[in-house]
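In what follows, a single structure is set out as structure tokens and then discussed.
Quick note: numbers below take in every heavy atom, side chains included, and nothing from hydrogens, waters or symmetry partners.
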Amino acid sequence: MKILKKTFLLIFSFFCAIFFSQTLSSNLDKTTLALGEVAVFKIQILDLNGQDVQASPRNELLPFHFEMVNDSIAKEKDIYLRSVKFAVFEEGKFTIPEIQVKVGDKILKTIPYEVEVINTAKKGDQINDIMKNKEVELNVQDYWDLYKFYVLLALIIIAIIVLIIGIIKYGGKRKSSPVVTTNQTLKDLEKLRKKNYIENGNFRAFYVELIDITRTFITKQYQIPADVLLTDDLIDYMKNTNAISQENEKILEDIFLRGDLVKFAKTIPTKELMAKDFTAIRDFVKRSTKDIEAENLRNASQAELSDEDQLKIRKLK
């Protein structure tokens with residue numbers, strides 16, 4: 001009796017395995033493909049008995065070399081069918097690996113397939129477009145949308161060029177303008193005063209720096225080569241030009257000559273005289289703008305001068 005029961009159980013289990021187990025099959029319609037040719041890979045599972053099927057999402061079943069054309073899934077109570085159309089655009093041999101599909105608690109696997117992709121084109125073959133080029137009429141708005149970035153970029157470049165030219169052309173003038181030169185020289189004189197050369201009786205250092213500051217100022221403000229001329233030559237040069245007024249010429253001549261005597265230890269000035277020369281140079285620097293204005297007016301033709309300008313010239317003289 002026990003033997004009969006065991007035999008019955010074995011037969012029952014065998015029939016259950018036959019009638020209630022799932023059957024997975026796969027198929028690849030082509031193993032040799034031309035470049036871009038479409039092939040079909042199918043997976044079929046039978047005898048599901050309503051169990052859930054879990055596999056890779058759509059368009060993610062095959063490796064990255066395989067370009068998906070279509071990935072369709074059909075599932076009913078007892079059957080699961082998945083059809084994947086793909087193409088390969090590289091020459092060589094590629095593998096569709098075994099793919100795992102989970103049915104209920106069981107893992108089913110497909111067999112791997114090898115696909116060979118070949119280039120069937122021959123040298124000299126004529127290549128034709130699949131579709132003819134379509135002519136599209138564009139309006140002003142369409143052209144603006146296409147080229148607006150290039151237009152804006154061109155405008156920005158032009159603006160930058162104009163800005164650079166303006167800086168080069170006018171920036172240098174502003175830096176070397178009479179007012180700027182005057183203010184800078186006054187700052188240099190103030191630095192000299194704070195060194196206390198006058199109070200300490202350091203007359204030689206005082207006149208050396210005072211004359212250097214004055215020569216630099218005359219060179220920039222009046223375009224006179226005071227930085228390279230000897231004292232006598234500089235005095236003659238100033239007298240032969242109308243750039244500096246006679247009053248200022250006299251002050252500069254006295255201080256330059258006295259500075260040479262001091263530098264060569266031929267005379268020793270008093271502190272009062274040093275302070276007087278410092279004040280005279282500072283006042284000369286402040287008055288220099290009047291010399292520049294008079295020179296500019298003199299350079300203009302008399303026909304173009306207004307009565308007001310001629311009156312200014314007379315006053316400046």
Side-chain angles (χ1 to χ4, degrees), residues 172-193 195 197-198 203-317:
K173 292 183 178 180
R174 286 195 294 270
K175 290 181 180 179
S176 61
S177 65
V179 175
V180 173
T181 304
T182 298
N183 292 336
Q184 182 58 49
T185 304
L186 291 175
K187 291 180 181 178
D188 294 338
L189 290 172
E190 182 62 20
K191 291 179 182 177
L192 173 61
R193 186 188 65 79
K195 292 181 180 180
Y197 287 153
I198 298 175
F203 52 85
R204 189 176 185 280
F206 170 76
Y207 276 100
V208 168
E209 293 192 25
L210 180 65
I211 297 301
D212 286 343
I213 292 172
T214 307
R215 283 178 174 271
T216 301
F217 173 74
I218 294 173
T219 301
K220 292 182 179 180
Q221 192 79 316
Y222 297 96
Q223 286 74 51
I224 294 175
D227 54 343
V228 295
L229 292 175
L230 298 175
T231 300
D232 292 338
D233 296 331
L234 176 58
I235 293 172
D236 291 339
Y237 192 102
M238 290 189 296
K239 289 181 177 180
N240 292 327
T241 62
N242 294 322
I244 301 176
S245 66
Q246 293 182 356
E247 177 188 358
N248 289 334
E249 285 178 5
K250 179 59 177 172
I251 293 172
L252 294 173
E253 180 180 359
D254 291 343
I255 295 176
F256 281 168
L257 291 175
R258 185 163 33 255
D260 285 349
L261 294 174
V262 172
K263 285 191 290 183
F264 295 108
K266 293 182 179 181
T267 183
I268 299 176
T270 63
K271 294 182 180 180
E272 291 76 12
L273 184 58
M274 293 167 64
K276 180 181 177 182
D277 288 343
F278 177 84
T279 303
I281 292 296
R282 184 179 60 189
D283 293 342
F284 155 69
V285 171
K286 293 179 179 179
R287 292 194 304 269
S288 64
T289 52
K290 294 183 178 180
D291 289 340
I292 300 299
E293 184 179 358
E295 181 65 18
N296 292 336
L297 291 173
R298 279 194 293 268
N299 291 334
S301 63
Q302 293 297 324
E304 296 176 350
L305 290 176
S306 64
D307 294 337
E308 182 182 354
D309 290 336
Q310 294 183 25
L311 179 60
K312 285 184 179 179
I313 292 176
R314 288 193 293 270
K315 287 183 178 180
L316 290 170
K317 289 181 178 179

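In this structure, CD1 on I211 lies 8.5 Å from CZ on F206, to the nearest 0.5 angstrom. Taking CG of L229 as the reference point, atom CE of M238 lies at 9.5 Å (rounded to 0.5 Å). Taken from CG in L252 to CD1 in I244, the straight-line distance is 5.5 Å, to the nearest 0.5 Å. The CD1 atom of I213 sits 10.5 Å away from atom CG of L186, with the distance rounded to the nearest 0.5 Å. Atom CD of Q184 sits about 10.5 Å away from atom CG of L189, to the nearest 0.5 Å. Considering OG1 of T214 and CZ of R282, their distance stands at 12.5 Å, rounded to 0.5 Å.
With a 4.5 Å cut-off on side-chain heavy atoms, D188 and T216 do not count as touching. Using a 4.5 Å heavy-atom threshold, the side chains of I268 and V262 count as separate. Between L234 and I224 the shortest side-chain heavy-atom distance falls below 4.5 Å. You'll find the side chain of L273 reaches within 4.5 Å of the side chain of R258, heavy atoms only. Within the 4.5 Å cutoff, the side chain of Y207 has heavy atoms near those of the D277 side chain.
In terms of the salt bridge (charged side-chain N to carboxylate O under 4.0 Å, His left out) criterion, K271 has no residue partners (sequence neighbours excluded). Remark: T231 engages R215, D260 in a side-chain hydrogen bond (donor to acceptor under 3.5 Å, both in side chains) (not counting sequence neighbours). Qualifying ring pair (Phe, Tyr, Trp, His ring centres under 6.0 Å) partners for F217, counting only residues two or more places apart in sequence or in other chains: F284.
When every heavy atom of A226 is checked against every heavy atom of T219, the shortest pair comes out as N-OG1, 3.4 Å. For the residue pair A280 and I255, the shortest heavy atom distance occurs at CB-CD1, 4.0 Å. When all heavy atoms are compared, the tightest approach of P269 to F203 is CG-CB, 3.8 Å.
Between K187 and E190 there is no salt bridge, since no side-chain N of the basic residue sits under 4.0 Å from a carboxylate O of the acidic one.
Annotation: R204, atom CZ; neighbour count of heavy atoms from other residues, nucleotides and ligands within 6.0 Å does not exceed 12. Summarising the local packing, NZ of K250 is surrounded by 12 or fewer heavy atoms from other residues, nucleotides or ligands at distances under 6.0 Å.
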